[in-house]
Number of protein chains: 2
Amino acid sequence: MSSEKSCIVRHFNYFHPVSDEDRELLAQLEDSATPVRAGTILWEEQDEAAEFSTLKAGWAFSYRNLENGSRQILDIYLPGDIIGLREFAFSQRLAGVQMIEDGEICFFPHRNLVNIFHRSFTLTSILFAVASRQQVMLTERLVNLARRNARQKLAHFLLEMCQRLKQTHGNGCESFRLPLSQEVLADLLGLSTVHVSRTFTALSDDGLVFRDRYNVKIPDLEALKQEAGFDDRYLIENMRPLFNGAKA
Amino acid sequence: MSSEKSCIVRHFNYFHPVSDEDRELLAQLEDSATPVRAGTILWEEQDEAAEFSTLKAGWAFSYRNLENGSRQILDIYLPGDIIGLREFAFSQRLAGVQMIEDGEICFFPHRNLVNIFHRSFTLTSILFAVASRQQVMLTERLVNLARRNARQKLAHFLLEMCQRLKQTHGNGCESFRLPLSQEVLADLLGLSTVHVSRTFTALSDDGLVFRDRYNVKIPDLEALKQEAGFDDRYLIENMRPLFNGAKA
DNA sequence: CGTGGGGTTGATACTCCTCAACCCCAGTGG
DNA sequence: CCACTGGGGTTGAGGAGTATCAACCCCACG
């Protein structure tokens with residue numbers, strides 16, 4: 001299971017078991033994994049968009065550069081995540097993607113996606129679920145950016161990350177590694193780096209979050225959830241009922 | 001074409017021509033249109049999610065209510081739009097939906113979506129494209145909320161709406177109807193109603209936007225696009241290349 | 001003719017930004 | 001082994017942008 005041939009299967013299995021046949025189909029359609037160094041830009045805005053990719057190892061993020069020189073980070077991608085589904089209906093990239101750490105990625109041409117639609121009902125449903133989940137996460141981030149103050153934004157983001165890490169890598173939330181500089185956090189949360197720093201010290205003064213380099217400690221999870229207005233339901237999808245009722 | 005039997009086909013045709021066979025399939029799977037009054041709540045957060053719906057007539061919006069009493073509006077839906085795709089992988093609604101004006105909607109059970117995956121490759125691809133487009137629009141709104149000031153937020157939103165209206169209903173942008181109160185605009189843009197009012201008067205003083213009740217006039221489109229940092233590429237999807245290359 | 005929803009305007013307060021100085025530390029070359 | 005350098009982070013002072021509260025206006029509607 002850990003040395004899975006396909007990049008994507010591990011991620012898919014989280015949604016629904018993948019048959020051997022489907023597993024074979026996936027392996028056949030995706031390109032082989034290639035290593036990428038930290039800082040590498042996988043693609044930039046306005047590049048041609050003809051494939052998506054899956055992260056086999058390492059972290060990455062997608063971003064938009066604005067007219068005024070600022071940058072908005074849109075997603076953080078963890079190992080197993082699918083990158084670039086967004087542009088399926090477009091011929092150009094609408095956001096750039098950059099590696100945060102060394103890693104490995106597989107490319108998967110859009111036209112092969114269409115092959116999946118032809119050949120596997122299960123994989124199609126899973127892909128749709130992945131897109132659905134991404135949209136829901138985006139929605140939650142939108143609310144976070146629009147309606148919460150710096151303290152809540154930061155707390156909410158940390159909780160989202162530790163929940164995601166828990167789901168896919170089994171870490172706990174009390175203490176986890178978060179290899180993001182305060183600049184990245186600022187661009188992610190729509191804040192200045194200065195204010196991110198201040199917010200961390202404020203949260204630390206209140207005993208809610210302790211950050212040392214890339215290590216984050218959350219001693220009282222419930223207290224922080226309260227502070228952030230965090231409700232993890234948006235990260236807990238469940239598509240089994242759909243499958244159960246629909247085979248007929 | 002205007003008196004289309006299916007709610008959804010008109011929307012789909014915008015992405016790719018729909019065959020008679022597919023047209024029949026859709027008609028068969030969706031429930032019949034039912035009229036709904038302005039203000040009706042189609043569903044609320046945490047309701048069971050087992051279907052999505054298509055707007056045949058009227059405007060609607062989706063929203064999230066926050067702990068602190070504020071409300072964030074997530075999307076504005078126009079006639080022809082699909083509502084609730086977001087929750088495909090979830091068993092609960094994550095956002096409520098309310099009608100802005102009298103209209104008509106069709107419901108479409110999730111499990112029928114799965115039937116489409118089984119039976120029509122073209123419709124599956126279009127559905128995926130619709131999800132893709134929705135995600136892209138959400139992304140652009142996220143950037144708008146996170147990185148722009150009130151003036152730009154409002155300008156950007158007005159431009160997005162008039163572009164969408166142009167695409168689906170053939171209006172021009174110089175003058176169009178926008179049946180949204182300043183309270184709705186505030187909840188949409190993450191502002192207070194007071195500041196929305198001030199921003200309108202500021203834009204009007206500068207000759208960029210004139211609003212009278214629900215009518216909006218934009219005398220100089222280019223000037224406003226400049227002001228807002230608006231680039232319409234995110235609204236102009238194009239999935240034809242995909243189809244052309246993938247049939248084999 | 002009163003009532004209420006929607007919008008405008010003014011005064012004040014708070015959140016977060018910007019600029020600038022400074023610190024810490026790891027890596028590099030002499 | 002030490003001095004230099006640069007990236008990342010912290011702290012302070014001042015200012016921009018937007019929120020909040022409150023009063024008021026307008027007008028459609030019963």
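In the text below, chain A, chain B and the rest are named by the order of the sequence lines, each starting its count at 1.
Counting only residues at least two apart or in different chains, ring pair (Phe, Tyr, Trp, His ring centres under 6.0 Å) contacts with residues 32-67 of chain B comprise B/Phe52-B/Phe108, B/Phe61-B/Tyr63. A side chain to side chain donor-acceptor pair (under 3.5 Å) check over residues 183-202 of chain A, counting only residues at least two apart or in different chains, returns the pairs A/Arg71-A/Asp187.
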Where do N or O atoms of nucleotides 20-22 of chain D meet protein N or O atoms at under 3.5 Å, pair by pair?
| residue | atom | partner | partner atom | Å |
| --- | --- | --- | --- | --- |
| D/dT20 | O4 | B/Arg198 | NH2 | 3.3 |

Short heteroatom pairs, N/O only, protein and nucleotides 4-7 of chain C, under 3.5 Å:
| residue | atom | partner | partner atom | Å |
| --- | --- | --- | --- | --- |
| C/dG7 | OP1 | B/Arg211 | NH1 | 3.4 |
| C/dG7 | OP1 | B/Arg211 | NH2 | 3.0 |
| C/dG7 | OP2 | B/Gln182 | N | 2.8 |

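The local environment of CD in A/Gln226 is sparse, with at most 12 non-hydrogen atoms from other residues, nucleotides or ligands closer than 6.0 Å.
The residue A/Thr201 sits close only to the backbone: its heavy atoms come under 4.0 Å of sugar-phosphate atoms, none of a base.
By the salt bridge (charged side-chain N to carboxylate O under 4.0 Å, His left out) test, A/Asp206 pairs with A/Arg151, sequence neighbours left out. Contacts of A/Arg148 classified as salt bridge (charged side-chain N to carboxylate O under 4.0 Å, His left out), with partners at least two apart in sequence or in another chain: A/Glu140, B/Glu67.
Rounding to whole angstrom units, CG of residue A/Leu185 and P of D/dT10 are separated by 11 Å. One interatomic measurement links the two molecules: CZ of A/Arg147 to P of D/dT18, which rounds to 13 Å at whole-angstrom precision. What separates NZ of A/Lys153 from C1' of C/dT15 is a distance of 10 Å, to the nearest Å. Across the protein-nucleic acid pair, B/Leu189 atom CG and D/dT18 atom C1' stand 13 Å apart, rounded to whole Å. For the pair A/Leu191 CG and D/dG17 P, the interatomic distance rounds to 17 Å; values are reported in whole Å. What separates CG of A/Leu154 from C1' of C/dT15 is a distance of 15 Å, to the nearest Å. The CG atom of A/Asn149 sits 15 Å away from the C1' atom of C/dC17 (whole-angstrom rounding). Rounded to an integer number of Å, the gap from A/Arg148 CZ to D/dT18 C1' is 19 Å.
Each of B/Arg64, B/Arg93, B/Arg86 was checked for a salt bridge (Lys or Arg N to Asp or Glu O under 4.0 Å) with B/Glu45, and the lone residue meeting it is B/Arg64.
Salt-bridge formation is detected for the pair A/Arg164/A/Asp81: a Lys NZ or Arg NE/NH1/NH2 atom is positioned less than 4.0 Å from an Asp or Glu carboxylate oxygen.
For B/Asp220 (side chain) and B/Ala223 (main-chain N/O), a donor-acceptor pair under 3.5 Å exists by modelled atom type.
With hydrogens and angles left out, the side-chain atoms of A/Gln92 and A/Glu48 include no donor and acceptor closer than 3.5 Å.
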